[in-house]
Number of protein chains: 2
Amino acid sequence: MPTFLSIREAALATGLTAHTLRYYEQIGLIDPVPRRSGQRVYGEPEMAWIEFVLRLRGTGMSMRDIQVYAELRRAGETPENVRLKGDLLARHAAHMRGELQRLTETIARLDEKIALYRSFYGQSVPESPEEPPVVAIPLSPSNRRRHA
Amino acid sequence: MPTFLSIREAALATGLTAHTLRYYEQIGLIDPVPRRSGQRVYGEPEMAWIEFVLRLRGTGMSMRDIQVYAELRRAGETPENVRLKGDLLARHAAHMRGELQRLTETIARLDEKIALYRSFYGQSVPESPEEPPVVAIPLSPSNRRRHA
DNA sequence: TGTTGACTTCGAGCGCACTCGAAGGCGTAT
DNA sequence: ATACGCCTTCGAGTGCGCTCGAAGTCAACA
């Protein structure tokens, strides 16, 4: 039996707010969600799509580009659209590969600098971004995405 | 002989605008630049620091965190400050490593999807982000940073 | 019947990182 | 003498991606 979620449940499942889910639908990031007596009902295809959208967003694709992709999807699987979607993703992948390279290079530079500092003064370094040190300089709240 | 640049030249060299250079100085991202009869004179240390700042920015470090780093630098090379700077960089590096991993994973997923599309319809894909296709869906102008 | 959850539309606000322009002044080079 | 480039301060505006709240409606459940 397939599962169906209310907007609240969908929000919980995705880490978004109900507000944001409606907002995404409104700006065309998400297809119009099926309603049952006026209320949105999120099924598996909807949730899968939302998760895909969040993955794209999570890798830095702009809302605009995700919108374009979503429009192409809505427009149906014509050969042309399939090609356009493929190109869009490929361009983003290429972009990401560039980012990745710059990140890698800068990490290397930073590591050198860190090692240098380290050699002047002891260890004591947080290794995981998920395990922030208990006492630390507060990294600014650019953890802007509420949940996630 | 060391080189000295006017603000205009420094702007040209960094790809920023004079406006932005003053802005960065104002918010403490850049130390007060030495003046000659009131006008900023950018020497090699200044340019090196600006370039370092831009590298950090380019890898997604927030202005706030760069500010913190700059403050520590200004505060002098006490063991404590050296440690704090090291930690800050290390935390950022760790963060980047996380990003990098997510990027890598999503690229893999995208590549699968692209291959799938490809198998339905021909080739024709831009490989480099620096060589956009001549005719294409306009990727939205999230090339927000003016130059660079 | 009343509470709950959801619905709609609207409009304001926020944090980030700029970006621009105006106004008025100063120093140096031609 | 005048033009040029720079200075300062100020304040407003931009684009992104939300985020929130208010107001009023409606349907299902107990």
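Just so it is clear: chains get the letters A, B, ... in the order the sequence lines come, proteins before strands, and each one is counted from 1.
- Both T20(A) and S6(B) sit near DNA chain D, but only S6(B) has its closest nucleotide nearer the 5' end.
- As a whole-Å value, the separation of L21(B) CG from dG5(D) P is 17 Å.
- Across the protein-nucleic acid pair, M61(B) atom CE and dC16(C) atom P stand 15 Å apart, rounded to whole Å.
- Considering only side-chain atoms of R35(A), the nucleotide from dT8(C), dT19(C), dA6(C) that sits closest is dT8(C).
- In this structure, CZ of R36(B) is placed 11 Å from P of dT28(C), rounded to the nearest angstrom.
- Taking atom CE of residue M63(B) and atom P of nucleotide dC16(C), one finds them 11 Å apart after rounding to whole Å.
- Electrostatic pairing of D87(A) and R83(A) counts as a salt bridge here, judged by a charged N lying under 4.0 Å from a carboxylate O.
- Relative ring orientation between W49(A) and Y69(A) is described as parallel, the plane-to-plane angle staying below 30° on a 0-90° scale split at 30° and 60°.
- Residues T14(B) and E51(B) have side chains that never bring a donor and an acceptor to within less than 3.5 angstrom of each other.
- Each of H19(A) and S37(A) has a nearest nucleotide on DNA chain D; the 5'-most of these lies closest to H19(A).
- Of the candidates dA6(C), dT19(D), dC16(C), the closest approach to any side-chain atom of R8(A) belongs to dA6(C).
- Out of dC18(D), dA6(C), dC6(D), the shortest distance to the side chain of Y24(A) is found at dC18(D).
- Salt-bridge check for R97(A) with D111(B): passed, with a basic side-chain N closer than 4.0 Å to an acidic carboxylate O.
- If you take CZ of R22(A) and C1' of dG17(D), they are 18 Å apart, rounded to a whole angstrom.
- Relative to the side chain of R57(B), the nucleotides dC18(C), dA6(C), dC7(D) differ in distance, and dC18(C) lies closest.
- Distance, Q39(B) CD to dC4(D) P: 15 Å, rounded to whole Å.
- Rounded to whole Å, atom C1' of dA17(C) lies 16 Å from atom CG of L56(B).
- In this structure, Y23(A) atom OH and dC18(D) atom P are separated by 6 Å, rounded to whole Å.
- Ion pairing between R40(A) and E25(A) holds under the 4.0 Å rule for side-chain N and carboxylate O.
- For R40(B), taking side-chain heavy atoms from C-beta onward, the closest of the listed nucleotides dC16(D), dG17(D), dT8(D) is dT8(D).
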